Amino acid sequence: MNPSEYIWYNGSFINWNQANTHVLTHALHYGSGVFEGIRAYQTSDGAAIFKAKEHYDRLLDSCSLYDIECKYSVDELISITQDLIVKNQLPSCYIRPIVYTDYGSIGIIPKDGSYSVAIAIWEWGSYLGDEGLQYGIRCLISDIMKTPTQSMPSTAKSCANYANSFLAKKKAINQGFDEAILLNQHGNVSEGPGENIFIIKNNKIVTPPISEDVLKGITRDTIIELALDLGYSVSEETISPSDLLDSDECFFTGTAAEVTPIREINNQSIGDGRKGAITSEIQSLYFDVVKGQNQDYNHWLTYCKEN
Ligand code: PMP
């Protein structure tokens, strides 16, 4: 990780190295926090945050699902993020807001629940590698089951959910793969540890519905809209592991992962084992949009210029 100069922490901009917390912080023990992952891209008009409102809306929705109180509104959080980007003078960055249960009492339900809010930003390249974006990655269908939403709501981006992601991803990497694909309790394809998944068969684009224990990804929504605008048929349908292996093209979406082609699953090639033509078209439109190079989608960008 490439530290930036400032982190915003409970109302102040403080030095990166001073943004520390106690070892008995509740969230560290019980995962009682929620967070977001957002990106700001370099545009010809300075850094612009992609879908800032959608991300902060989801952060506050995650807070509600866990009964965690966030003292700041969506508008305030957006404005703090703009200031943080300007202060750190980053042309582009990854943005990590977190709201978590503080140090205080160590029972599962803290007696006097108090919550901290922090936003950190840093420069972060492609999550699954530049080669991955270009040529596609190799995935393993995990034997770690996706946590059912009845156990932990998959629509909340809670810290605790990521123990499930960690296990699946770690096992896949230990076996020489780039990323895991998780199936849910019904044996259907759910998502990646930090990505939504799409398949393409006979020019039709399909992604699992939210009911398959899936996070309602903001990139997922973006890609559905862009693919429809490009004239493709897009549907939310249950995907079985054999549909996945039998697809012509397959890709992951996510703020960190952007649009990453999947070229191989369980050592079996997807299509001709390279980034597919439709994936390429969608990926290239996505990058134009997030970098402010397509005016039709400029309303998704929040610019951060000093004024
Ligand atoms: N699923 C999971 C489990 C994730 O962690 C992420 C990353 N936030 C996604 C999907 C993709 O969501 P988004 O496009 O909003 O980043």
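Quick caveat: nothing in here was measured; it's all calculated off a predicted structure. When a ligand or atom number is given, it counts from 1 through the structure's own listing order.
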Next on the checklist: Checking the N or O distance criterion of under 3.5 Å, is ligand 1 in contact with L215?
Outcome noted: no
Next on the checklist: Test your reading of the structure: does E191 have an N or O sitting under 3.5 Å from an N or O of ligand 1?
Outcome noted: yes
Next on the checklist: Can you confirm whether more than 12 heavy atoms, excluding those of R96, are under 6.0 Å from its CZ atom?
Outcome noted: yes
Next on the checklist: Looking at D246 and K201, is any side-chain nitrogen of the basic one under 4.0 Å from a carboxylate oxygen of the acidic one?
Outcome noted: yes
Next on the checklist: Regarding atom 9 (C) of ligand 1: of the candidates S190, G217, A256, G194, which has the closest heavy atom?
Outcome noted: G194
Next on the checklist: Among all the protein's non-hydrogen atoms, which is closest to atom 14 (O) of ligand 1, and how far away is it?
Outcome noted: T219 OG1, 2.5 Å
Item to check | Same apolar cluster (I L V M F W Y, side chains within < 4.5 Å links), L226/L133 | outcome: yes
Checklist entry - Quick one: do R220 and E191 make a salt bridge, cutoff under 4.0 Å? => result no
Item to check | Shortest protein contact, atom 11 (C) of ligand 1 (heavy atom only) | outcome: N196 OD1, 3.6 Å
Checklist entry - When the ring planes of W300 and F50 are compared, do they come out parallel, tilted or perpendicular, using 30° and 60° as the limits? => result perpendicular
Next on the checklist: Please tell me whether Y162 and F35 form a close aromatic pair, meaning their ring centres lie under 6.0 Å apart.
Outcome noted: yes
Checklist entry - In terms of atom number and element, which parts of ligand 1 are under 4.0 angstrom from non-hydrogen atoms of K157? => result 5 (O), 7 (C), 8 (N)
Checklist entry - Does R58 come within less than 4.0 Å of ligand 1, judged by its heavy atoms? => result yes
Item to check | Test of proximity, T255 against ligand 1: N or O pairs below 3.5 Å | outcome: yes
Checklist entry - So is there a nitrogen or oxygen of Y162 less than 3.5 Å from a nitrogen or oxygen in ligand 1? => result yes
Next on the checklist: I'd like to know if E54 and K216 make a salt bridge, using a cut-off of under 4.0 Å between side-chain N and carboxylate O.
Outcome noted: no
Checklist outcome for this item: Atoms of ligand 1 under 4.0 Å from any heavy atom of G254, numbered from 1 in the order shown, are 11 (C), 14 (O), 16 (O)
Checklist entry - Are I109 and I68 joined in one hydrophobic group, where the rule is that I, L, V, M, F, W and Y side chains link up if heavy atoms are under 4.5 Å apart? => result no
Checklist entry - Which atoms of ligand 1 sit under 4.0 Å from any heavy atom of E195? => result 1 (N), 2 (C), 4 (C), 6 (C), 9 (C), 10 (C)
